[in-house]
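Okay, structure first, notes after.
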Amino acid sequence: MNQEKKIRKARKQNMKLYSLYRAISIDLIFYYAIEFLFLTQVKHLSSSDVVLGGAFYAIFMIIFQIPASIIIDKVGTRKCTILANIFNIIFIVLIMSCKNLGMLIFAQFISSICFSLKDISDTALIQYSIPETEKQGEIFSKLEGKGTKDYYLLNAGTYIISGFLYVINPYIPITGSLCFAILATVMSLGFSDIEEEKKEKTDTKNYMKDLWEGIKFIANSQRLRSLFLYSGIAWGVFCLMSTYRSSLLVDIGTPEQIITLIAAILSFSAAIGSKKQMEFHNYFRNKSLSAILFIMTFSILIVGILTAMNISYGITLAIIVIGFILIDFVKGMSGVLSTRYLGNFANEKILTQIYAVNAISRNVFRAVISFLGAYLLRVTDTTNGMILVGIILLITVLGLVGYMKTRLGLKPKEYNENEFFKEEK
């Protein structure tokens with residue numbers, strides 16, 4: 001009974017802390033509003049180098065993902081969450097001292113260690129903490145949605161002032177990012193490892209048996225394969241568009257303060273998206289992810305085509321802002337919804353493995369899309385690059401939506417039995 005009380009207390013503490021923790025730790029605060037400006041203007045890297053840095057980050061994430069899932073299962077989610085946040089601190093320090101592409105790639109190497117652990121451990125930690133009920137998915141969506149919404153709102157607030165701070169001294173907003181990373185590390189110390197309280201650690205032989213069961217389940221699940229494809233393509237494009245947006249604004253002569261103000265507006269849009277993800281899901285149901293893909297694709301194409309028409313600066317700027325408001329709105333919903341869908345029909349033994357494979361998929365596609373995006377910036381300008389990305393994406397999305405149609409969003413009775421994880425006796 002004492003053990004059960006201890007677990008209940010730990011669950012409540014984790015759920016109480018989680019949304020606030022995620023609000024300051026999903027990603028770097030302050031940083032992304034001025035990342036492109038800092039690396040190109042202060043560190044004198046090219047826009048193509050910045051995209052290449054992201055591509056190498058994705059490759060490192062692919063390499064580390066399976067080892068990370070093994071480490072998390074052996075060490076525990078809490079310890080890995082703390083360790084991940086420490087690596088985030090190291091990454092910011094490396095960016096502050098970056099001098100060339102090689103140092104940027106090394107910094108991305110450190111960042112990949114952080115997020116290969118963090119992307120799994122953070123989400124698994126709260127999944128373990130939520131009691132196993134019919135509303136488990138809904139509870140997760142509320143907690144993750146609130147944390148994501150607050151992250152984007154906090155980001156927006158810091159983005160508003162980061163442009164002005166950047167003009168005073170480019171290192172001020174980077175220092176602010178460092179302070180938030182330190183705060184996230186301190187907050188992560190307040191979590192408990194629920195799975196450690198519930199069961200003893202398995203030996204290596206049994207762990208490998210469990211891992212093999214998980215791999216077989218994932219390989220046989222058409223539903224999961226569809227989600228991995230969606231998550232990979234969507235995430236890769238969202239990451240590329242973040243850099244393309246900054247490059248596009250610089251190309252048309254937008255001042256630094258306006259660039260960061262726009263970033264703040266887009267962060268507000270993503271916050272609204274993450275808050276509205278349940279309503280979006282209830283409205284579109286099994287077409288939710290398809291709707292996100294089409295909104296993202298047509299927004300990219302419209303921004304690229306209209307910007308290429310050489311309209312006046314004011315109208316061009318308005319087109320870019322409106323287009324990216326839509327992109328960031330669906331970005332805010334995408335992460336929460338796809339993570340929720342991934343956790344359906346699976347128990348805690350398989351969750352970390354599903355999240356690990358999803359992270360690998362996301363980063364395989366991000367690497368491919370980033371290398372393509374970097375190549376396009378070397379051979380043409382950002383506007384033409386967006387148009388080409390939009391055309392390629394439209395063709396890809398049409399095929400992907402057709403593939404997902406018979407594999408996602410079905411009623412539980414309509415799924416094949418191999419979509420439900422069952423432990424081997």
Side-chain angles (χ1 to χ4, degrees), residues 19-39 50 54 88 92 95 111 115 118-119 122 143-167 170 172-181 183-184 234-235 237-250 254-277 279-280 292 295-296 299-300 303 317-339:
S19 292
L20 179 59
Y21 163 76
R22 287 291 278 174
I24 68 167
S25 70
I26 286 181
D27 217 330
L28 295 168
I29 305 295
F30 271 112
Y31 179 70
Y32 293 108
I34 51 89
E35 175 192 25
F36 184 83
L37 297 172
F38 186 80
L39 292 175
V50 177
N88 217 16
I92 299 170
I95 288 294
S111 183
F115 285 99
K118 187 177 182 60
D119 287 349
D122 280 10
L143 292 173
E144 182 71 7
K146 185 179 187 304
T148 303
K149 178 203 71 175
D150 290 345
Y151 162 76
Y152 284 122
L153 289 175
L154 179 60
N155 239 10
T158 58
Y159 282 0
I160 291 172
I161 64 173
S162 60
F164 298 96
L165 296 175
Y166 180 86
V167 172
I172 296 178
I174 296 291
T175 303
S177 185
L178 178 62
C179 291
F180 273 103
L183 178 59
W235 181 245
V237 173
F238 284 138
C239 290
L240 179 63
M241 286 301 109
S242 178
T243 302
Y244 267 40
R245 181 195 73 230
S246 297
S247 182
L248 197 62
L249 291 171
V250 170
T254 308
E256 289 87 350
Q257 298 95 324
I258 301 299
I259 291 176
T260 56
L261 180 60
I262 290 170
I265 294 171
L266 301 183
S267 192
F268 275 118
S269 178
I272 295 170
S274 62
K275 183 179 180 180
K276 297 292 184 181
Q277 44 87 20
E279 296 175 31
F280 191 85
I292 289 173
I295 292 171
M296 175 180 67
S299 296
I300 292 170
V303 169
L317 184 62
I319 291 168
I320 293 172
V321 172
I322 293 170
F324 276 98
I325 283 175
L326 289 174
I327 293 171
D328 279 64
F329 177 77
V330 295
K331 177 183 177 181
M333 291 185 291
S334 177
V336 179
L337 289 177
S338 60
T339 303

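Values reported hereafter were calculated over all heavy atoms of this structure, with side chains retained and with hydrogens, waters and symmetry mates removed.
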Shortest non-hydrogen contact from Ser269 to Ile325? OG-O, 2.6 Å
Is it true that a side-chain atom of Ser299 and a backbone atom of Ile295 form a donor plus acceptor pair closer than 3.5 Å? yes
Apply the test side-chain contact (heavy atoms from CB on, under 4.5 Å) to residues Ile258 and Ile262: give CA-CA distance (whole Å), side-chain angles for both, the deciding distance (0.1 Å), then the verdict. CA-CA 6 Å; Ile258 301 299; Ile262 290 170; 3.9 Å; yes
Under a 3.5 Å distance rule, please check whether Lys276 uses its side chain to pair with a backbone N or O of Phe329 as donor and acceptor. no
Closer than 3.5 angstrom, by distance alone: can the side chain of Ser274 be matched with the main-chain N or O of Ala271 as a donor-acceptor pair? yes
Does Ile26 reach the side chain of Asn155, with side-chain heavy atoms less than 4.5 Å apart? no
Test item: Ser25 and Lys118 side chains (from C-beta on) under 4.5 Å apart, heavy atoms: yes
Tell me the closest heavy-atom pair linking Ser334 and Ala234, and the distance in Å. OG-CB, 4.3 Å
With rounding to the nearest 0.5 angstrom, report the CD1 to CG distance, Ile300 to Leu240. 8.0 Å
Given Leu154 and Asp150, is the side-chain contact (heavy atoms from CB on, under 4.5 Å) satisfied, shown in steps? CA-CA 6 Å; Leu154 179 60; Asp150 290 345; over 6 Å; no
How close do Phe238 and Lys331 get, heavy atom to heavy atom, and via which atoms? CZ-CA, 3.5 Å
Mind running side-chain contact (heavy atoms from CB on, under 4.5 Å) on Thr254 and Ile320 for me, showing each step along the way? CA-CA 11 Å; Thr254 308; Ile320 293 172; over 6 Å; no
Which atom pair, heavy atoms only, marks the closest approach of Tyr159 to Ala33? CD1-CB, 3.1 Å
Below 4.5 Å, heavy atoms only, C-beta onward: do Phe36 and Thr243 meet side chain to side chain? yes
Can you find a heavy atom in the side chain of Met333 that is under 4.5 Å from one in the side chain of Val330? yes
Side chains of Asp122 and Tyr21: donor-acceptor distance under 3.5 Å anywhere? yes
Distance-only, no hydrogens or angles: does the Tyr152 side chain make a donor-acceptor pair with backbone N or O of Asp328 under 3.5 Å? no
Do Leu178 and Ile174 have side chains that get closer than 4.5 Å, going by heavy atoms? no
Shortest non-hydrogen separation from Phe180 to Thr158 and the atoms involved: CE1-CG2, 4.4 Å
Quick one: does Tyr31's side chain get under 4.5 Å of Ile95's, heavy atoms only? yes
Are Ile292 and Leu337 close enough, and set up right, to give a side-chain contact (heavy atoms from CB on, under 4.5 Å), and what steps lead you there? CA-CA 10 Å; Ile292 289 173; Leu337 289 177; 4.3 Å; yes
Closest approach of Leu37 to Tyr166 (non-hydrogen atoms, all atoms of both residues): O-OH, 3.1 Å
Side-chain contact test, heavy atoms from C-beta onward, threshold under 4.5 Å: evaluate it for Glu256 versus Thr260 and give yes or no. no
With side chains defined as the heavy atoms from C-beta onward, is the minimum distance between Phe324 and Ile265 less than 4.5 Å? no
